[in-house]
Amino acid sequence: MRFIRFNFMASIISTLQKAVAASVLSLYNDNTDAAKVQVNTTPPDFTGDYSVVVFPFVKISKKAPDATASEIGAYLQENVPEVKGWNVVKGFLNLEIADSYWNNFLSGLLADADYGRQPRNGHRLMVEYSSPNTNKPLHMGHIRNILLGWSCTRIMEAAGYDVVKTQIINDRGVAICKSMLSWLKFSEGKTPESEGIKSDHFVGDWYVLFEQKSKEEYEQWQQTEDARKQYASRKKEEQSEKEFFKDYKNKWFNDYSVLGAEVREMLLKWENHDPETVALWKKMNGWVYKGFEQTYSDLGVDFDKLYYESDTYLLGKDIVDEGLDKNVFYRKDDGSVWIDLTDAGLDNKVVLRADGTSVYITQDLGTARMRYRELGCDQFVYVVADEQNYHFQVLFETLKRLGEPYAEGLHHLSYGLVELPTGRMKTREGTVVDADDIIAEVVRLATEQSSERGEIDGISPEEKTQNLKRVGMGALKFFIIKVQPKKKMIFNPEESVDLQGQTGPYIQYSYVRINGLMQRVEREQVDLSCAHAYANIQAQEKELLVALQDYPNIVALAAREYDPSQIANYCYALAKSYHRFWHDLSIFNADTAEAKAFRLSLSKATGQVLKSGMNLLGIEMPTRM
RNA sequence: GGUCCCGUAGCUCAGUGGAUAGAGCAUCUGCCUUCUAAGCAGAUGGUCACAGGUUCGAGUCCUGUCGGGAUCACCA
């Protein structure tokens with residue numbers, strides 16, 4: 001048993017790689033790195049399960065590719081029990097694997113509830129994700145962030161890490177003050193309860209109102225004498241009036257806007273701990289958190305540790321002093337502190353303002369060290385949109401130069417913007433896809449389509465609701481995660497609720513089919529123990545076995561690349577193979593008891609891996625649909 | 001302008017340097033008396049942005065060009 005277990009764990013590919021390296025040594029007296037031997041799955045049109053690329057050995061053997069392949073093939077069949085047969089086509093050595101290997105593999109997989117999960121590696125890794133501002137509700141962009149982040153925590157956990165899930169909530173600053181001021185001026189004491197609005201949306205509505213009022217104020221100001229003067233003296237050549245005032249908006253807000261002055265005054269009061277302002281801030285943030293909680297719960301995610309920017313925004317000044325001592329930083333005449341990263345292809349960067357206050361990066365330096373001490377993590381993953389690529393390059397390089405012990409364990413999981421088919425989402429144009437809206441919509445659609453099918457009518461209302469939610473969320477989540485993180489994605493709301501084709505529900509449906517089989521196995525007390533006697537593995541079955549065999553590699557790959565889309569695409573391919581298997585072969589009505597037991601076992605194993613893989617994406621499986 | 005990312009079928013996306021570049025959507029055509037047809041099978045659809053180079057072999061690696069995006073704040 002120990003021997004079988006060993007081979008099972010080692011995977012057939014590494015067995016073959018080692019065997020090929022041994023054959024090259026034996027035949028041509030040359031040492032080859034086994035890990036570099038290329039072993040691929042054989043394309044469908046050829047006979048065989050795995051193929052060895054022999055071109056790299058031609059120079060060593062000093063023979064034609066086909067002759068070299070034949071010699072290695074003969075050696076492998078002679079010396080490797082798993083290799084049943086071989087053939088050579090155009091320099092490719094195709095190997096057939098013995099049925100007994102596949103039978104052992106299948107029983108090993110079924111006996112291992114944690115199949116695909118790697119041994120603990122002794123590292124503790126933090127994943128920071130979501131990290132919203134508290135002035136408005138979550139939208140599509142946050143959903144991508146949250147799903148990537150959550151999925152990353154699951155994958156890293158499976159890959160052997162002890163994972164800590166965190167977010168840093170941007171609960172202070174100009175944005176929340178805008179919501180606060182707007183509510184104070186215009187709300188007449190309305191509350192989420194009095195208006196019957198989800199509380200984070202309620203706060204967001206005041207933010208939107210603020211922006212509207214501000215826009216009106218700006219338009220009026222543009223007619224004033226001051227505005228004409230600014231335009232005349234500052235405009236660039238060829239710049240239209242409209243373009244000029246677009247660019248000038250920030251400057252106007254700081255120098256002329258009445259609302260702007262009021263916001264800054266409020267921010268100042270907050271920084272000085274003015275009791276009324278702090279109370280208002282707490283009240284409105286409380287509304288936001290209550291709303292966020294609901295959205296997080298709908299998405300099925302949570303956190304181990306929350307950080308608030310109001311607690312961390314002053315951190316990092318001690319590191320600045322330290323960096324000055326170590327000559328990593330330098331001070332300019334005006335008192336501001338900088339780091340020179342030009343030799344790393346980056347620029348000079350401010351780490352402390354001339355007035356001694358923090359900038360964004362100061363806080364991140366401080367937070368990193370605090371987390372290292374507080375959480376005991378030596379690796380950190382920041383799930384943040386790609387517009388901050390440069391910031392993280394600078395941050396990581398700075399931490400490295402400061403000699404921080406975790407500096408080699410930093411990773412920015414950068415992801416591209418979510419766009420609509422019509423272009424970028426814009427708050428001002430009301431084209432932002434709200435998180436709660438899209439969640440409600442996918443569940444509604446799943447419900448609608450399910451009632452047309454009528455397949456889940458016989459189950460309890462609780463189970464029914466749960467299944468429908470899982471299908472709807474499965475559609476949404478898979479749609480987002482299947483795209484590689486670094487690519488920007490086009491979010492088509494109509495396609496995201498599709499339940500057919502390359503979708504979450506397609507994968508869930510294969511699982512539901514398997515679930516139905518397993519319930520019948522239970523009911524009829526089918527004995528699966530004769531599965532190992534099956535000796536006529538069909539192409540559709542082989543396809544599944546090869547895919548199942550690959551699962552641990554895919555988990556490792558997804559972890560190595562911080563790329564959940566690898567898991568998504570794998571699950572889809574596996575489900576596709578299963579649907580074909582289901583269609584082409586009889587399972588319960590198989591010709592022999594062995595075939596029936598084998599196919600049921602294979603189905604069970606497929607269900608196990610599909611459930612495991614989808615779980616890494618945060619997608620739950622329905623029992624029926 | 002500097003740096004980074006992207007460019008694959010009408011659309012959305014896959015594709016550890018390996019065989020004839022694949023899926024889904026859309027369009028068209030078949031398959032439910034049999035384990036759930038949210039399924040299966042087939043047809044149509046490609047100058048892998050362009051030009052060089054490395055290699056036995058390039059969608060993949062290198063250089064350049066073009067197109068799209070991000071960023072280069074004492075903002076976060």
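In what follows, chains are A, B, ... by sequence order, proteins preceding strands, each numbered from 1.
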What is the nucleic acid contact for [X], judged by heavy atoms within less than 4.0 Å: base, sugar-phosphate only, or nothing?
| X | answer |
| --- | --- |
| Leu600(A) | nothing |
| Asp45(A) | base |
| Asn94(A) | base |
| Val53(A) | base |
| Gln508(A) | nothing |
| Val512(A) | base |
| Asn492(A) | nothing |
| Leu499(A) | base |
| Asn170(A) | nothing |
| Ser450(A) | base |
| Gln566(A) | sugar-phosphate |
| Gln484(A) | sugar-phosphate |
| Tyr390(A) | sugar-phosphate |

Let me know the distance between [atom1] of [X] and [atom2] of [N], rounded to the nearest Å.
| X | N | atom1 | atom2 | answer |
| --- | --- | --- | --- | --- |
| Glu387(A) | C5(B) | CD | P | 17 Å |
| Ile507(A) | G24(B) | CD1 | P | 13 Å |
| Gln388(A) | A73(B) | CD | P | 14 Å |
| Phe581(A) | C35(B) | CZ | C1' | 11 Å |
| Phe479(A) | C11(B) | CZ | P | 15 Å |
| Met425(A) | G69(B) | CE | P | 17 Å |
| Glu543(A) | A23(B) | CD | P | 11 Å |
| Asp563(A) | A14(B) | CG | C1' | 11 Å |

Side-chain N or O of [X] closer than 4.0 Å to phosphate OP1/OP2 of [N]:
| X | N | result |
| --- | --- | --- |
| Lys488(A) | G68(B) | no |
| Lys487(A) | A14(B) | yes |
| Arg580(A) | G39(B) | no |
| Arg523(A) | C35(B) | no |
| Tyr506(A) | C40(B) | yes |
| Arg353(A) | A73(B) | no |
| Gln519(A) | C35(B) | no |
| Trp582(A) | A37(B) | yes |
| Lys90(A) | U20(B) | yes |
| Lys349(A) | A73(B) | no |
| Arg513(A) | A37(B) | yes |

Quick check: any donor-acceptor pair below 3.5 Å linking the side-chain of Asn250(A) to the base of A73(B)?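 Result: no qualifying N/O pair found.
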For A19(B), does the base pair up with any side-chain atom of Ser51(A) as donor and acceptor (N or O, under 3.5 Å, distance only)?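 Such a pair exists between side chain and base.
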Could you tell me how far [M] sits from [N] if I compare only their [atom1] atoms? Round to whole Å.
| N | M | atom1 | value |
| --- | --- | --- | --- |
| C66(B) | A23(B) | C1' | 29 Å |
| U54(B) | A43(B) | P | 39 Å |
| A26(B) | U63(B) | P | 41 Å |
| A51(B) | G59(B) | C1' | 16 Å |
| A70(B) | C75(B) | P | 22 Å |
| U60(B) | U8(B) | P | 13 Å |
| G24(B) | G39(B) | C1' | 14 Å |
| A21(B) | A14(B) | C1' | 11 Å |

Once you measure the plane-to-plane angle for Tyr506(A) and Tyr572(A), does it fall in the parallel (<30°), tilted (30-60°) or perpendicular (>60°) bin?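 Judged by the thresholds at 30° and 60°, the geometry between Tyr506(A) and Tyr572(A) is tilted.
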Ring-plane angle category for Phe479(A) and Phe491(A), please: parallel below 30°, perpendicular beyond 60°, tilted otherwise. perpendicular
Syn within 90° of 0, anti beyond: C28(B) is anti
Suppose we define a pair by two distances each less than 3.5 Å, Watson-Crick or G-U wobble; what does [N] pair with here?
| N | answer |
| --- | --- |
| U27(B) | A43(B) |
| C48(B) | none |
| A70(B) | U3(B) |
| G59(B) | none |
| U36(B) | none |
| C75(B) | none |
| G17(B) | none |

Quick one: are the ring centres of Tyr207(A) and Phe210(A) less than 6.0 Å apart?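 Between Phe210(A) and Tyr207(A), which both carry aromatic rings, the centre distance is not below 6.0 Å.
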Judged by nearest nucleotide, the residue sitting upstream toward the 5' end of RNA chain B, Val89(A) or Ala575(A), is Val89(A)
Would Arg234(A) pass as a cation-pi partner of Tyr248(A), given that its NZ or CZ must be under 6.0 Å from the six-membered ring centre and within 45 degrees of the axis? no
Test: Arg172(A) cationic atom under 6.0 Å from Tyr313(A) six-membered ring centre, within 45° of axis: yes
Are the ring of Phe92(A) and the base ring of G18(B) both nearer than 5.5 Å at their centres and tilted by less than 30°?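 No, Phe92(A) does not stack on the base of G18(B), since the centre distance and plane angle fail the 5.5 Å and 30° test.
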For the base of G39(B) and the side-chain ring of Tyr509(A), does the geometry meet a stacking cutoff of under 5.5 Å between centres and under 30° between planes? no
Minimum heavy-atom distance Leu528(A)-Ser601(A), with the two atoms named: CB-OG, 4.1 Å
If you count heavy atoms of other groups shown closer than 6.0 angstrom to NZ of Lys317(A), is the number above 12? yes
Are the side chain of Arg624(A) and the backbone of Asn467(A) linked by a donor-acceptor contact shorter than 3.5 Å? no
Flag, side chain of Ser151(A) to backbone of Leu148(A), donor-acceptor distance under 3.5 Å: no
With respect to Glu211(A), which candidate in Lys136(A), Lys178(A), Lys426(A) satisfies the salt bridge (charged side-chain N to carboxylate O under 4.0 Å, His left out) definition?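 Exactly one candidate clears the test, Lys178(A).
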